[in-house]
Amino acid sequence: MEFGLSHKKFNAKRRGSLVSTITGVLEHLSSLYANIGEDREKNGIWSLRENTPTCPTCNGTGTVLGDIDSSRMVATELSLKKGAVLLWAGTNCGPVVKIRELAKMIGIDFERPLVEQDKQFTDILLYGYDKEPVTYVYKKREHKNDYRGCVYDLKYMRDAGTTSKGNLWAIKLFSRHEMCPNCTASLLEQERLVKGIPFQMC
C-alpha cells in the first residue's frame, strides 16, 4: 500500500497545528491502522486480524499479572515511620498499627532506615513472624494474632477477589508483569505488517 502526502504551509497562529494535521497524514494513518488493526481469535490464539476488539486474556495491555514481587514491597532506605512497608505507606490501617507493635516487640527501631538494621527485620516484614502473637489496639478493640507479613496480606486480598480500587491498584503495582501468552505472537506479526507498508512524502 502506498500513498502520497501533500504539504501545507505551517500556520504558527493556528491552535492545534500538530505535525500530523499540518501534513494531512492523520487521516491516512487512521485508515492504515483501521486496516491492520483488525483482530481475531483462531484455535484459542488471539490475533490482531479478527473481529474481537481486545485480547480477552490481557484486555489489550499485552501483559498479565504474575506472582507477587516481594522485592518491590519494602523500601529499606526508609524507616517504618517514613513508610518503608510500601503496601501500607501513608495509611493508618490495622496492619500499620500491628507493625508498630511488632517493631516494639522484636526491637526494630521505628525511626531508623531498615537498611541500617538487621536484615531479618525486612524478611519478617515481608513474610511474617510466628514465634509469638502481636497484641495491638485498633479502632478501640484489642487484637492478638500472628503477624503474617505484607506478602501474605497482598496475596489474601488478590485471592479473595477484592473489588476495592486501592487494593486492586496495590495488587497491580506489587505483582510481576509478564507478557501475555495469548497475543505476544500477534503483536510481532503487527510489527511485520507495519514495516512492510512504505510511505511516500511528496
- Query: Salt bridge between Arg176 and Asp69, side-chain N to carboxylate O under 4.0 Å?
  - Reply: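 Counted as a salt bridge, because a side-chain N and a carboxylate O are separated by less than 4.0 Å.
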- Message: Quick test of your reading of the model: are Glu101 and Lys98 salt-bridged, counting only N-O distances below 4.0 Å?
- Response: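 Looking at Glu101 and Lys98, the cut-off is not met.
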- Item | Tyr156 atom OH, over 12 foreign heavy atoms within 6.0 Å |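 Atom OH in Tyr156 is not crowded, with 12 or fewer foreign heavy atoms closer than 6.0 Å.
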Considering only heavy atoms from C-beta outward, does the side chain of [X] approach that of [Y] to under 4.5 Å?
| X | Y | answer |
| --- | --- | --- |
| Leu80 | Leu125 | yes |
| Arg100 | Asn92 | yes |
| Met157 | Leu87 | yes |
| Phe174 | Leu65 | no |
| Leu86 | Cys150 | no |

Exam field: side chain [X] to backbone [Y], donor-acceptor pair closer than 3.5 Å:
| X | Y | answer |
| --- | --- | --- |
| Gln117 | Ile108 | no |
| Arg158 | Ile171 | no |
| Asp146 | Arg148 | no |

Nearest 0.5 Å, please: how far is [atom2] in [Y] from [atom1] in [X]?
| X | Y | atom1 | atom2 | result |
| --- | --- | --- | --- | --- |
| Tyr152 | Asp159 | OH | CG | 9.5 Å |
| Met73 | Trp88 | CE | CH2 | 8.0 Å |
| Ile106 | Phe121 | CD1 | CZ | 5.5 Å |

- Task: Give me the one residue out of Ile68, Val151, Val85 that meets side chain to side chain contact (heavy atoms under 4.5 Å, CB included) with Leu126.
- Result: Val151
Any idea which heavy atoms bring [X] and [Y] closest together, and the distance?
| X | Y | answer |
| --- | --- | --- |
| Gly66 | Ser175 | O-CB, 4.0 Å |
| Gly83 | Ala89 | O-CB, 3.7 Å |
| Glu77 | Pro113 | O-CB, 3.5 Å |
| Gly94 | Tyr136 | O-CE1, 3.9 Å |
| Ile124 | Tyr129 | CG2-CB, 3.7 Å |
| Pro133 | Met105 | O-SD, 3.8 Å |

- Message: Evaluate Glu142 against Thr135 for side-chain contact (heavy atoms from CB on, under 4.5 Å), listing each step before the verdict.
- Response: CA-CA 7 Å; Glu142 185 176 287; Thr135 302; 3.9 Å; yes
- Query: So if you build clusters from Ile, Leu, Val, Met, Phe, Trp, Tyr with side-chain heavy-atom gaps below 4.5 Å, do Leu78 and Leu114 land together?
  - Reply: no
- Transitively linked via ILVMFWY side-chain contacts under 4.5 Å: Trp169 with Val74?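 Yes, Trp169 and Val74 fall within the same hydrophobic cluster.
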- Evaluate the side-chain contact (heavy atoms from CB on, under 4.5 Å) criterion for residues Leu168 and Thr162: first the C-alpha distance (whole Å), next the side-chain angles of each, then the deciding distance (0.1 Å), finally the verdict. CA-CA 7 Å; Leu168 291 172; Thr162 180; 4.1 Å; yes
- If the plane angle is over 60° it's perpendicular, under 30° parallel, otherwise tilted; pick one for His143 and Tyr138.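 If you compare the ring of His143 with that of Tyr138, the planes turn out tilted.
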- Query: Would Lys119 and Thr76 count as a side-chain contact (heavy atoms from CB on, under 4.5 Å) if you check the C-alpha gap in whole Å, the side-chain angles of each, and the deciding distance to 0.1 Å?
  - Reply: CA-CA 9 Å; Lys119 187 187 177 300; Thr76 56; over 6 Å; no
